[in-house]
Amino acid sequence: MTRIIAIANQKGGTGKTTTAINLAAGLVRANPRHRVMLADIDPQANGTAVFLGVPFAAGPRLDGVNTMYEVILDQVAAAQALQTVTLLEGNGETAVGKMHILPSHLDLASAELELVNLFERERRLRHALAPIVNQYDFIIIDCPPSLGLLTVNALMTANEVLIPVDPGLFPLIGLNLLNRTIEMVRQANPSLAISGVVPTLVDRTALARDTQQELAATFGSRLLPAIPRRVAFGEAHAAGQDIFAYDLSSDSASAYADLVKEIMRRG
Ligand SMILES: Nc1ncnc2c1ncn2[C@@H]1O[C@H](COP(=O)(O)OP(=O)(O)O)[C@@H](O)[C@H]1O
Ligand SMILES: [Mg+2]
């Protein structure tokens, strides 16, 4: 069965996109036979920008190029919007594998409004992906930082959700917001499994330590390997690379490799 994993948290800047792109790329690197799709349903299109460039994600629309916008509004089949990304070794030359991306574009922001009056508005993505789901082992969905219709579509399509949590969350708003997310997820799709919580942007501060302790107490075995706060992530994004291509020997890359291993082990 295809594992469809939504990366969700209604708070912005918690490392959703970073986790989505490195999980997707990491699954291909762990086994090039893995058939992986990264589905970008965030109108900010950051994940799309990393792999396909900023003009693709935010520039004028190119003739004949389709994105999540057309797919979710049922204007084209999902297969017609897919782009292939070749993942490279750090030397920038050797290909280690390929994956598909169902790209986003800034235009997707208006789809949220256009969806409101449509039939089965929460299940548009699920229906759109149905014809091609079986062609993949993993579909990773990068969600926007909100609980709007786009995120609900992702949660209705997924069979698992992964929640990246940064150290800022707990002292500010406590467990409340996170619990509300999970509650909302269950309402939307009772068969959805919370596959785990990933502590992100972890540094040496007391805040990060307290957050990790609280997450461990709350989520137990669903607490996944933590990701350190490192400037390399921003640099990798700017270079249009996943963290493995950018700096394979870094602890940033090994943290995501550990996460990938854990996700595969739990499959
Ligand atoms: N582990 C990390 N260490 C340092 N910076 C990070 C890390 N993860 C993400 N970032 C940076 O933080 C910002 C927000 O991350 P992002 O993955 O886009 O979050 P989200 O998708 O949840 O909004 C980006 O600028 C990104 O480069
Ligand atoms: Mg994002």
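Being a predicted model, the structure only gives us computed values, none of them experimental. Whatever order the structure lists ligands and atoms in, that order sets their numbers, starting from 1.
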Colleague: Within the protein, is there a heavy atom lying under 4.0 Å from atom 24 (C) of ligand 1?
Modeller: no
Colleague: Can any side-chain N or O of T2 pair as donor or acceptor with the backbone N or O of D137 at less than 3.5 Å?
Modeller: no
Colleague: So which of T18, I21, D42, L201 gets nearest to atom 7 (C) of ligand 1, if we judge by its closest heavy atom?
Modeller: L201
Colleague: Answer with yes or no whether the side chains of H100 and Q83 bring together a donor and an acceptor at under 3.5 Å.
Modeller: no
Colleague: Should you measure from each heavy atom of T14, which atoms of ligand 1 turn up under 4.0 Å away?
Modeller: 19 (O), 20 (P), 22 (O)
Colleague: Taking the side chain as C-beta and beyond, is there a heavy-atom pair between I194 and R222 under 4.5 Å?
Modeller: yes
Colleague: Going by an N to O cut-off under 4.0 Å, is there a salt bridge joining E114 and R124?
Modeller: no
Colleague: Suppose we measure from atom 19 (O) of ligand 1 to each protein heavy atom; which comes out shortest, and what is that distance?
Modeller: G15 N, 3.0 Å
Colleague: Could you find the nearest protein heavy atom to atom 4 (C) of ligand 1 and give me its residue, atom name and distance?
Modeller: R230 O, 3.0 Å
Colleague: Would you kindly specify which portion of P145 sits under 4.0 Å from ligand 1, judged on non-hydrogen atoms: side chain, backbone, both or neither?
Modeller: neither
Colleague: With a cut-off of 2.8 Å, does T17 place any N/O/S atom under that distance from the Mg ion (ligand 2)?
Modeller: yes
Colleague: In terms of residue, atom name and distance, what is the protein heavy atom nearest to atom 2 (C) of ligand 1?
Modeller: F233 CD1, 3.3 Å
Colleague: Could you tell me whether D142 and K16 have a side-chain N and a carboxylate O separated by less than 4.0 Å?
Modeller: no
Colleague: Is the side chain of H105 donor-acceptor paired with the backbone N or O of D107 at a distance under 3.5 Å, no angle test?
Modeller: yes
Colleague: Among protein heavy atoms, which lies nearest atom 14 (C) of ligand 1, and at what distance?
Modeller: G13 CA, 3.8 Å
Colleague: N/O to N/O below 3.5 Å, does that happen between N46 and ligand 1?
Modeller: no
Colleague: Could you check which of K11, R229, H237 puts a non-hydrogen atom nearest to atom 27 (O) of ligand 1?
Modeller: H237
Colleague: Return yes when at least one protein heavy atom is under 4.0 Å from atom 9 (C) of ligand 1, and no when none is.
Modeller: yes
Colleague: CZ of R126: more than 12 outside heavy atoms within 6.0 angstrom?
Modeller: no
Colleague: Could you tell me whether ligand 1 has any atom less than 4.0 Å away from a heavy atom of P228?
Modeller: yes
Colleague: Are K11 and D166 ion-paired here, with the side-chain N under 4.0 Å from a carboxylate O?
Modeller: yes
Colleague: Report the C-alpha separation of Y246 and H237 in whole Å, then their side-chain angles, then the decisive distance to 0.1 Å, and conclude whether the ring pair (Phe, Tyr, Trp, His ring centres under 6.0 Å) test is met.
Modeller: CA-CA 9 Å; Y246 185 73; H237 290 180; 9.8 Å; no
Colleague: I'd like to know if R266 pairs up with E262 as an ion pair, taking the criterion as any Lys NZ or Arg NE/NH1/NH2 lying under 4.0 Å from an Asp or Glu carboxylate oxygen.
Modeller: yes
Colleague: Heavy-atom contacts with I227 under 4.0 Å: which atoms of ligand 1 show up? List them by number with element.
Modeller: 1 (N)
Colleague: Which protein non-hydrogen atom lies closest to atom 18 (O) of ligand 1, naming both residue and atom, and how far is it?
Modeller: T17 CB, 3.8 Å
Colleague: List ligand 1 atoms under 4.0 Å from G234, heavy atoms only on the residue side.
Modeller: 27 (O)
Colleague: Just heavy atoms, cut-off under 4.0 Å: does K16 contact ligand 1 by side chain, backbone, both, or neither?
Modeller: both
Colleague: For Y256, run the side chain to side chain contact (heavy atoms under 4.5 Å, CB included) check against D242, T19, L23 and tell me which one passes.
Modeller: T19
Colleague: Look at ligand 1 and say whether T200 reaches it with a heavy atom at a distance under 4.0 Å.
Modeller: no
